[in-house]
Protein chains: 2
Amino acid sequence: MSRPERARAPAELQPETSPGHGIAADLIAVLVAVTGGEPRVLTLQDARALPSGPFELAHRSLQSGLRAWVERQTHHPLGYVEQLYTFADRDRGLGSDQRVISISYLGLTREQPAAGDYEASWQSWYLYFPWEDQRLGVPAIIDDVLLPNLTAFAEAAPNRLLRQERLNRIAVTFGLDGKPWNEELVLQRYELLYEAGLIPEARRAKPELGPAPVPSRSMVLDHRRILATGIARLRAKIKYHPVVFELLPDTFTLLQLQRCVEALAGRLVHKQNFRRLVEQQQLVEETGQMSQDTRGRPAKLFRFRREILTERAIVGTKLPISRS
Amino acid sequence: MSRPERARAPAELQPETSPGHGIAADLIAVLVAVTGGEPRVLTLQDARALPSGPFELAHRSLQSGLRAWVERQTHHPLGYVEQLYTFADRDRGLGSDQRVISISYLGLTREQPAAGDYEASWQSWYLYFPWEDQRLGVPAIIDDVLLPNLTAFAEAAPNRLLRQERLNRIAVTFGLDGKPWNEELVLQRYELLYEAGLIPEARRAKPELGPAPVPSRSMVLDHRRILATGIARLRAKIKYHPVVFELLPDTFTLLQLQRCVEALAGRLVHKQNFRRLVEQQQLVEETGQMSQDTRGRPAKLFRFRREILTERAIVGTKLPISRS
DNA sequence: TTTGATATACTCCGCCTGAGCATTAATCGA
DNA sequence: TCGATTAATGCTCAGGCGGAGTATATCAAA
């Protein structure tokens, strides 16, 4: 979104396919659910790939193709679906003649599906981006590993101007020098780490460099990049569109709602202000029942007021995410 | 964006192509420039089509494909490019076997290019959406034509619930009953008119209905829909990302900047507040020179401070658009 | 010199937002 | 039964931003 041309991960070596002409289309899904206080994403291949499949002619549209395919695989309805990005860069592998267009989607689902076939599993997305979880404060990995390495990367710049530019980029994306942490810059942070050569994807073509210094789980091809795009999109979206409710059960307490938002945003929010906004926006209504949770004062159960989707302009709801 | 499945225009009748297998990919561009106080879009085929072309294997990526193709045709550099949406609905024409994936882009360009070959021309986008220009107040077409027809559409609903829903949708999208006009709902308004059967696209399959009651220029296939998507995206974008400057000359007065924003947003802004925000955000800097325009007090010339794109987080700038 | 048009400075007020304090209502362990 | 713990809930306050209005300055042309 920010820069016109993306720094793309070089392709993994793939077996040569028979040179065909024509273009194939793939669907790639970032499927998100929140369980156990963690935002999770559906993965395949030992948690190293996002689910993907060919777009078939039988499908009515791209979205219906994705829905059909996901629901067949997870046996769960897909709540909210949104297109992420389409790319067809030449360096994605698959030989040179055969060109693949990949259309990525973000999908929200309510429950942990019975991760059906294959080696499907739900993984916390902070497994792939440990520096993105700031709920318990700034993660140690940032000060211990990322910043030293990033600073070294900046110092290694060929000239003063570029050096300054890199330092500034580090400060902006990681919230240094008094700048605030911006949880939406997931993709920018990933790209910075990529360019600095700190993650495995950036070293695939250069095995002589040795292992990547940043301990975090990688993915096949550019799937981690697509995941970063999905996280960034979702973090931005929850602020002005009530999509969080697609991740929650039908009835929930306000604290559950808050924890869900916090899990996605990777940061804590001020409880009182959060409730104030949720209620004055009339996003929820009481069910009349109380939560049966054990400890603490029992909380009222709420349900999402679906009506507001039509009542109000579809754009314009907001959820607060505090800055400090 | 709002609703998962889009109500899509049925295909125009096309000459049958030879049934091929495989999928073709097309690029469609919404190219925008602002000249003479009007936001303009590049069109072909007697102003009835958006420029589009096949995505070729030679291109490095989708964006570079689009850039190359546009710059070859307009002989002008393309400032800002952003992907809009990808679709592959089955009912877009081109026969039944051949499936086309269309990837649409929004592009901003600085000057009116020497509309090179073919029958290319720049048209005010309000030619296609006259109801979207609210700079001189609410256009007559809304009260005279749209609202009566839309109300009739609502009244014709088969049951009370649906009727109420339609009325509410009309009120939300067109800012009735005290609700504010939201200039970003371009696509929602278009879809509403489409569903109400008030525009030609909705009547292509049903010639017995006669001419469409709403006087506005139509386009081939679903191009007007894509244009609506582009306008909506741009109107949303200018509020938090400094892309307007891609449409202005290198130096400009604050009034020029304001008029440009107003042209895009289709509404007027409060001059003093506009300047306050622009300056406190440090979006521009003085050139030291003055405008040579004749009438009125001469204005200072400014230039865009490109540095802020790196200085600040890429997200988070804002331009004001007043509500009344 | 007047008029018209624009640029520019300053003020005011209401609302939103971030932040903190205090109180209530339940469970659990000693 | 009491105190500790956990959570829900109510209330206040200050700063900032955004919308709107008033007033003044500066030019060209009639």
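These values consider heavy atoms only, across backbone and side chains, with no hydrogens, waters or symmetry-generated copies.
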Asks: Would you call B/E184 and B/R235 a salt bridge, taking side-chain N to carboxylate O under 4.0 Å as the test?
Replies: no
Asks: Are the charged groups of B/E132 and B/R267 less than 4.0 angstrom apart, N to O?
Replies: no
Asks: Look up atom CG in A/L187 and atom CD1 in A/I231, then write down how far apart they are to the nearest 0.5 Å.
Replies: 10.0 Å
Asks: In whole angstrom, what separates B/K239's NZ from D/dG19's P?
Replies: 10 Å
Asks: Grab the CG-P distance between B/L277 and D/dA20 for me, whole Å please.
Replies: 14 Å
Asks: Would B/R189 count as a cation-pi partner of B/W181, with NZ or CZ less than 6.0 Å from the six-membered ring centre and within 45° of the ring normal?
Replies: yes
Asks: Dump every N/O contact between nucleotides 13-15 of chain C and the protein below 3.5 Å, one line per pair.
Replies:
none

Asks: Any protein N or O atoms within reach of nucleotides 7-13 of chain D? Criterion: under 3.5 Å, listing atom names and distances.
Replies:
| residue | atom | partner | partner atom | Å |
| --- | --- | --- | --- | --- |
| D/dA8 | OP2 | A/K271 | NZ | 2.9 |
| D/dA8 | OP2 | A/R275 | NH2 | 3.2 |
| D/dA8 | N3 | A/R297 | NH1 | 3.3 |
| D/dT9 | OP2 | A/R275 | NH1 | 3.0 |
| D/dG10 | O6 | A/Q272 | NE2 | 3.0 |

Asks: Check whether any side-chain heavy atom of B/R233 sits under 4.5 Å from a side-chain heavy atom of B/L84, and report yes or no.
Replies: yes
Asks: Could you tell me the separation between the CG atom of A/L268 and the P atom of C/dA19, rounded to a whole number of Å?
Replies: 12 Å
Asks: Could you check whether atom CD of A/E285 has more than 12 heavy atoms from other residues, nucleotides or ligands sitting under 6.0 Å from it?
Replies: yes
Asks: Aromatic contact between B/F252 and B/F245, with the criterion being ring centroids under 6.0 Å apart: yes or no?
Replies: yes
Asks: Please tell me if the side chains of B/R110 and B/D250 come closer than 4.5 Å, counting only heavy atoms from C-beta onward.
Replies: yes
